[in-house]
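Worksheet for the structure shown next.
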Amino acid sequence: MSFEADRLKKRRWGLFLTGIVGGTLAAMYAVATPFLMPALRRVCLPFVPATPPQVENVVKVLRCRRGPLVDIGSGDGRIVIAAAKAGFPAVGYELNPWLVYYSRYRAWREGVRDSARFYVSDLWKMPQLEKKLELELKDDARVIACRFPFPHWTPNQVMGEGTDTVWVYDASTFRGSVRGPGTLTRSLPAVHSERVS
């Protein structure tokens, strides 16, 4: 009887440990996948947080502007939160849901939850981002790119150097001509893009 009880006890411990290991691996997979998958795409999109000088450069470029800011590839929300603190209604779009949840928490903690919003969205499902922005932005809109410049546009201004570089594009310049009122479907007066290649 004791041999059978001992075997049953070992079996239960084996099942318990298998469950713990399996649950731990599943949790690690759920947390790590959103961080690793962007790096495995055709165009690599790893999460690289904005540096303090980069955030300062974006805020400097936004001075004397008004209207909403949209951050495409917002990461942990540093630029959206800084813009909200500077008085801009700001929205961040990010592929990684864990970073979106963290950004929402940080916005709440920093007291800008009402003016800083974050959504899960895949930038690469947008057909040709440059063309979309050319068609939909108002002439007084400003596009700010961090880390990577837009390949087909000439910047109106460049601030910083290295990884802190910020490229500024005015819609009236990259569009090449002035469009009349009422021809746009959406207004995004300041767009920050951290992961556009």
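Everything quoted here is computed from the prediction, not taken from an experiment.
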So how far is it from Ile79 CD1 to Leu69 CG, rounded to the nearest 0.5 Å?
8.0 Å

Kindly compute the distance separating CH2 (Trp153) from CD (Glu130), expressed to the nearest 0.5 Å.
5.5 Å

If I take atom CD from residue Glu56 and atom CE from residue Met159, how far apart are they, to the nearest 0.5 angstrom?
9.5 Å

Hey, any chance Val158 and Val143 share a hydrophobic cluster, counting ILVMFWY side chains that come within less than 4.5 Å of each other, even indirectly?
yes

Non-neighbouring partners of Asp170 that pass salt bridge (charged side-chain N to carboxylate O under 4.0 Å, His left out), sequence neighbours left out:
Arg142

Students often mix this up, so state it plainly: with edges at 30° and 60°, are the rings of Tyr101 and Trp98 parallel, tilted or perpendicular?
perpendicular

Mark yes when over 12 heavy atoms from residues, nucleotides or ligands other than Arg113 sit less than 6.0 Å from its CZ; otherwise mark no.
no

Atom CZ of Arg106 and atom CZ of Phe118: how far apart are they, to the nearest 0.5 Å?
8.0 Å

Keeping the roles fixed (side chain from Ser103, backbone from Gly75), state whether a donor-acceptor pair exists under 3.5 Å.
yes

Begin from the C-alpha positions of Asp76 and Arg78 and carry the test salt bridge (charged side-chain N to carboxylate O under 4.0 Å, His left out) through to its verdict.
CA-CA 6 Å; Asp76 63 1; Arg78 294 173 191 211; 2.7 Å; yes

When the ring planes of Phe16 and Trp13 are compared, do they come out parallel, tilted or perpendicular, using 30° and 60° as the limits?
perpendicular

Are Ile72 and Tyr119 joined in one hydrophobic group, where the rule is that I, L, V, M, F, W and Y side chains link up if heavy atoms are under 4.5 Å apart?
yes

If hydrophobic clusters are built from ILVMFWY residues whose side chains come within less than 4.5 Å, do Val70 and Phe150 share one?
yes

Pair up each side-chain donor or acceptor in residues 83-91 with any protein partner under 3.5 Å, not counting sequence neighbours, and list the distances.
from  : atom 1 : to     : atom 2 : distance (Å)
Lys85 : NZ     : Glu110 : OE1    : 2.3

The test is side chain to side chain contact (heavy atoms under 4.5 Å, CB included); show your working for Tyr169 and Leu133 and say whether it passes.
CA-CA 11 Å; Tyr169 306 90; Leu133 295 174; over 6 Å; no

Let me confirm one number: the OG1-CZ distance from Thr154 to Phe174, rounded to the nearest 0.5 Å.
11.5 Å

Close side-chain approach of Pro155 to Val168, heavy-atom, < 4.5 Å
no

Distance check, rounded to the nearest 0.5 Å: Arg66 atom CZ versus Asp140 atom CG?
8.0 Å

Residue pair Leu62, Ile144: steps toward the side chain to side chain contact (heavy atoms under 4.5 Å, CB included) verdict
CA-CA 9 Å; Leu62 292 174; Ile144 303 167; 3.5 Å; yes

